[in-house]
Peer 1: 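Mind looking over this structure? Questions follow.
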Amino acid sequence: MSSLLLYISVGFFRHQGQIWCESQAKNGLRLWARHFDRLTVVARCDAAAPPEGYEPLLGDEEWAPRVAFEWVPSAWTLRRFLPALPNVTRRYRRLINEHDRAVFGLGGVIGAWGAVGAVLAGCMGRPYAVWTDRVVSEVMREDAKAVSGLSRIKREVDWRLSRRLDAHLVRHSALGLFHGASTFEAFSPICPNPHIVHDSHVSAAQVLTDAELAEKQDSLKGAETIRIVYAGRAALMKGPLDWVKAIAGLREAGIDLSALWVGDGPLLEQAKARASELGVADIIEFPGFISDRETVLRVLSEAHILMFCHKTPESPRILIESMSRGTPIVGYGDAFSADLLQSVEAGVLTEKNDLKRLVDAVASRSVDRPRLANMMTAARDRGRDFTDEAVFRHRSEVILEELPIA
């Protein structure tokens, strides 16, 4: 029988006698449980009302008997982290001994319980795997630039410590699971056994069918207005201010368009203000966070182009989700997006921060409707490769085949 100890950085909530979680986290647990006889999940759980859209963790799911949970607190300050550390450490030691294999998600230092587990496994002489979908220290580094004074000094220290800790844990791991080519590119030179994996929660049934794709392409022929979308947090790493500037550049280029940014975040109000300053507030909608996954997928289906301005090395699932709905991706390129597209014309990539080329790329595809329709087909076909069943199966197989049992 195979058993897996898994730390995930997803947050859970204890409220009204139940544990609440995000629907994608619950789907991930279902898929993990398909490939291991016994699964123990370590995750943060706080006594608080869950965010909008969260759902009860356990009902009558068939996978529930095979999954156990060990809850740890959110502890992002030393005042909370240090008192909790001895108890979490004791539990980790027991759990590591009770399981065949252990996988720890990386990221951060204070409150980074995945790093604590990996350090302990290493000290106990147990092989462990690390998993990450972004270079967290680079995200923290960019965030530090947005503040000043003591806050900036603190964040500078945090990202430097995070970079050192992550490098140490990757270097001493037995297996590296890196979501997408950007994280693989960053960590593979120091990892003894690196592998590219992917993370997606689009089911095969949610991939656009041939009939739906044909209908989308037919509507494109008669559409006067190009619909551009992005879904994600309005945070520095996502480049929302560049995105608004690009929309303004497209209007100046004479493109008839409407735009939609789905998501909340610290820069949302600033993005709205920038849209007003640039005279494009009338063509950009900012509906905020949409919790219903089907609604988000419908928004992607109705869009003609997903435009993105990602600033840091990460592996955003929105690119896969967009392609699965037949919507080409156009934005700042990196290893992750380039690997997704490969030689397929399912999108266009430009240099980071090159707004002019980004505007030109979107504008040229907007006016060449036959080419854009072909890109929709290429996007949908490429999206088929990354269904949730496929990516979780692949990741589980890599763990079972490549991570030794101590």
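Keep in mind the model is a prediction, meaning the values are calculated, not measured.
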Peer 1: For S322 and P328, work out which heavy atoms get closest and say how close.
Peer 2: OG-O, 4.3 Å
Peer 1: Check A129 against L177 and note the closest heavy-atom contact, atom names and distance.
Peer 2: CB-CD1, 4.5 Å
Peer 1: Is a side-chain donor-acceptor pair under 3.5 Å present for S337 with D334?
Peer 2: yes
Peer 1: How close do M323 and A346 get, counting heavy atoms only, and between which atoms?
Peer 2: SD-CB, 4.1 Å
Peer 1: Is it the case that Q24 and R317 place a side-chain donor and acceptor less than 3.5 Å from each other?
Peer 2: yes
Peer 1: Does some side-chain heavy atom of L95 sit less than 4.5 Å from a side-chain heavy atom of Y7?
Peer 2: no
Peer 1: Are the side chains of K272 and I284 in contact, using a 4.5 Å heavy-atom criterion?
Peer 2: no
Peer 1: Could you tell me whether a side-chain N or O of K216 sits under 3.5 Å from a main-chain N or O of H304, the two making a donor and an acceptor?
Peer 2: no
Peer 1: I would like to know whether H201 and F392 meet ring-ring contact (aromatic ring centres under 6.0 Å, His included); could you show each step before the answer?
Peer 2: CA-CA 9 Å; H201 291 278; F392 274 84; 5.6 Å; yes
Peer 1: Show the numbers, then the answer: is there a ring-ring contact (aromatic ring centres under 6.0 Å, His included) between F81 and W113?
Peer 2: CA-CA 9 Å; F81 179 63; W113 297 118; 4.9 Å; yes
Peer 1: Quick one about N27 and R30 (side-chain donor to acceptor, distance below 3.5 Å, no hydrogens or angles considered), yes or no?
Peer 2: yes
Peer 1: Output yes when a side-chain donor or acceptor of D37 lies under 3.5 Å from a complementary backbone atom of S2, and no otherwise.
Peer 2: yes
Peer 1: What are the two closest non-hydrogen atoms of D242 and N353, and how far apart are they?
Peer 2: OD2-OD1, 3.9 Å
Peer 1: With ring-ring contact (aromatic ring centres under 6.0 Å, His included) as the test, would you mind laying out the steps for H172 and Y128 before giving the verdict?
Peer 2: CA-CA 9 Å; H172 291 87; Y128 65 87; 8.4 Å; no
Peer 1: For a quick test of reading the model, state the closest non-hydrogen atom pair linking A246 to L358 and the distance between them.
Peer 2: CB-CD2, 4.1 Å
Peer 1: Minimum heavy-atom separation for R233 to G265, with atom names?
Peer 2: NH1-CA, 3.9 Å
Peer 1: Donor-acceptor pair, E61 side chain versus L58 backbone, under 3.5 Å?
Peer 2: no
Peer 1: Does a side chain donor of either E302 or S219 reach within less than 3.5 Å of an acceptor in the other side chain?
Peer 2: no
Peer 1: Whether the S203 and D388 side chains hold a donor-acceptor pair (N or O, under 3.5 Å, no angle test) is what I'd like checked.
Peer 2: no
Peer 1: Yes or no on salt bridge (charged side-chain N to carboxylate O under 4.0 Å, His left out) for E156 and R160, after CA distance, side-chain angles and deciding distance?
Peer 2: CA-CA 6 Å; E156 286 279 346; R160 292 177 189 276; 3.6 Å; yes
Peer 1: Quick one: do the R91 and N87 side chains pair a donor with an acceptor below 3.5 Å?
Peer 2: yes
Peer 1: Could you label the plane-to-plane angle of the Y230 and W261 rings as parallel, tilted or perpendicular, counting under 30° as parallel and over 60° as perpendicular?
Peer 2: tilted
